[in-house]
Undergrad: 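This structure is in structure tokens; I'll ask about it shortly.
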Amino acid sequence: MASNRSLLILPGDGIGPEVMGQVRRVVDWLGMAKGVSFEVEEDLVGGAAIDAHGVPLTDATMDKALGVDAVLLGAVGGPKWDNLDFSIKPERGLLRLRKDMELFANLRPAICFNALTEASSLKPDIVGGLNIMIVRELTGGVYFGEPRGIEDLPNGERRGINTQVYTTSEIRRVARVAFDLAGKRDGRVTSAEKANVMESGILWREEVQWVHDNEFPNIELDHMYADNCAMQLVRAPKQFDVIVTDNLFGDLLSDAAAMLTGSLGMLPSASLGAPDATGKAKAMYEPVHGSAPDIAGQGIANPIATISSFAMALRYTFDLGSEADLVEQAIENVLASGKRTGDIMQAGMTKISTEEMGTAIVAELDKLAAR
Ligand code: IPM
Ligand code: MG
């Protein structure tokens, strides 16, 4: 029977296809065990699309992405494509998806599972019980600002240019997402920018404050310079609830936050657009980690970030909160049982492969469903 839930899976490059293979097993499990089925299509992005079509994302794939309920993306990029012209690098495929789908709000939760407090490079009491949410602006700022480029100067030098630019509406809409989430969590938002050196940072601070004062006066808001925020994230991360920040600072701060949880291989993300008239928002879900060319093809990558990203899709796009809980619980149980991929391996635990992690999660899902 055809499903009314549509998914476009874009495994991409490097470990992308390996970890996505395990997500497919969870998707299939939901269909079989729970009767929750999805219309799944798979396509190419990044280097894989360059190899097949000469571009990191074809118009046809872009159209598909615009037509489905949710896109699930693995990772893009790798040394093979490093020397290509900037305009057709694998990363441009991902950036085009974000831009053309208008996915301005990127939710990157950093949760430290109990079983992994020892796997973090920080002391257990600093990360134990950590649950923070980074809301990264995703379609503006220096990633897309004009002018940009590399130009030749008359004196023989070259000049590289990028522009950090934000408008009132771009800041306000992402701030609203952050305040809204905080209202469902601990009620606190920290906004990070560099208002001490950047005009765009001053505007950021003023507009976030405006949204707070006019629309969310009951949420606690404080402002922090982004460099201080990076320092505070590794000093005392539990002081944060929701952090809202721009595209570039969000890229950096979310990588730092990821390591608090034990490994970059643990962190999922959701990228959301504005809800349409029916309340549906365009959405793409992807792990925060990249294509990890150093371990690609070895079957040892951690699929948890990507499986958790699918759980976020269940929760945010498909309104399947209890199924999302189930998947997250299965992951937690597997970790508690001592099974670990190499990135989160610790003494006394059992080291398993990507495939075995998928198997363990599906087996745990079976157990949970039988209860
Ligand atoms: C991320 C990645 C991307 C980014 C790259 C692959 C373009 O680092 O999603 O955090 O810089 O946004
Ligand atoms: Mg990044």
Side-chain angles (χ1 to χ4, degrees), residues 10-17 19-20 44-50 55-57 62 65 71-82 84-110 132-145 148 162-164 166 170 174 192 226 229-230 233 243-261 263-273 283-296 301-302 305-306 308-309 312-313 343:
L10 303 173
D13 309 320
I15 60 170
V19 293
M20 202 58 89
L44 303 175
V45 68
I50 294 172
V55 288
L57 187 81
M62 189 64 236
V71 176
L72 217 57
L73 185 132
V76 295
K80 181 175 174 195
W81 307 282
D82 270 354
L84 287 179
D85 186 73
F86 188 73
S87 62
I88 56 155
K89 267 178 153 2
E91 288 78 3
R92 302 309 305 175
L94 172 59
L95 296 176
R96 180 178 176 198
L97 282 162
R98 290 174 177 172
K99 190 70 175 173
D100 288 8
M101 292 171 77
E102 294 182 81
L103 307 173
F104 64 87
N106 182 214
L107 280 43
R108 298 190 159 186
I132 62 182
M133 175 71 87
I134 297 187
V135 179
R136 167 189 178 191
E137 200 290 327
L138 203 60
T139 50
V142 76
Y143 272 63
F144 298 97
R148 65 186 299 155
N162 289 94
T163 304
Q164 167 77 339
Y166 273 107
E170 284 177 313
V174 73
C229 186
L233 263 178
I243 296 174
V244 64
T245 190
D246 76 15
N247 206 343
L248 183 61
F249 295 142
D251 183 41
L252 306 180
L253 294 175
S254 62
D255 261 32
M259 270 322 283
L260 304 172
T261 70
S263 165
L264 206 48
M266 294 295 299
L267 222 71
S269 86
S271 306
L272 308 173
M284 178 161 75
Y285 298 85
E286 50 174 313
V288 170
H289 65 67
S291 58
D294 53 323
I295 59 161
N302 186 350
T306 312
S308 300
S309 299
M312 289 185 88
D343 56 313

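Start at 1 and go down the list; that is how both ligands and their atoms are numbered.
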Undergrad: Is K89 touching ligand 1 with its side chain, its backbone, both, or neither, if touching means heavy atoms under 4.0 Å apart?
TA: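 None of K89 does.
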Undergrad: Near the Mg ion (ligand 2), meaning under 2.8 Å, how many protein N/O/S atoms are there?
TA: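 Count of protein N, O, S atoms less than 2.8 Å from the Mg ion (ligand 2): 1.
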Undergrad: Return yes if some donor-acceptor pair links the side-chain N/O of S291 with the main-chain N/O of D13 below 3.5 Å, else return no.
TA: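 No, S291 side chain to D13 backbone: no donor-acceptor pair under 3.5 Å.
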Undergrad: Nearest heavy atom to atom 7 (C) of ligand 1 wins, so pick from R92, E91, E286.
TA: E91
Undergrad: Is D246 reaching over with its side chain to a backbone N or O of E137, donor-acceptor style, under 3.5 angstrom?
TA: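 Flag not set: sc D246 to bb E137 has no pair under 3.5 Å.
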Undergrad: Looking only at protein heavy atoms, identify the closest one to atom 8 (O) of ligand 1 and say how far it is in Å.
TA: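 The closest one turns out to be D251 OD1, 3.3 Å.
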Undergrad: Taking only residues two or more places apart in sequence, or in another chain, which ones meet K99 in a side-chain hydrogen bond (donor to acceptor under 3.5 Å, both in side chains)?
TA: none
Undergrad: Have a look at ligand 1 and work out which part of R108, if any, has a heavy atom under 4.0 Å from it: side chain, backbone, both or neither.
TA: side chain
Undergrad: Return the closest protein heavy atom for atom 4 (C) of ligand 1 as residue, atom name and distance.
TA: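 Of the protein heavy atoms, Y143 OH, 3.3 Å lies nearest.
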Undergrad: With heavy-atom distances below 4.0 Å as the criterion, list the atoms of ligand 1 near R136.
TA: 1 (C), 4 (C), 9 (O), 10 (O), 11 (O), 12 (O)
Undergrad: For E102, which residues count as a side-chain hydrogen bond (donor to acceptor under 3.5 Å, both in side chains) partner, sequence neighbours excluded?
TA: none
Undergrad: Taking D343 for its side chain and S263 for its backbone only, find out whether a donor-acceptor pair lies under 3.5 Å.
TA: no
Undergrad: Output yes when a side-chain donor or acceptor of N247 lies under 3.5 Å from a complementary backbone atom of R136, and no otherwise.
TA: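 No.
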Undergrad: For R98, which part has a heavy atom under 4.0 Å from ligand 1: side chain, backbone, both, or neither?
TA: side chain
Undergrad: E286 side chain to V288 main-chain N or O, any donor-acceptor pair under 3.5 Å?
TA: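 Looks like no, no N/O pair under 3.5 Å.
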Undergrad: Mind checking whether L95 and F144 have side chains closer than 4.5 Å, heavy atoms only?
TA: yes
Undergrad: Could you tell me which residues satisfy salt bridge (Lys or Arg N to Asp or Glu O under 4.0 Å) with R108, sequence neighbours excluded, listed by chain and number?
TA: none
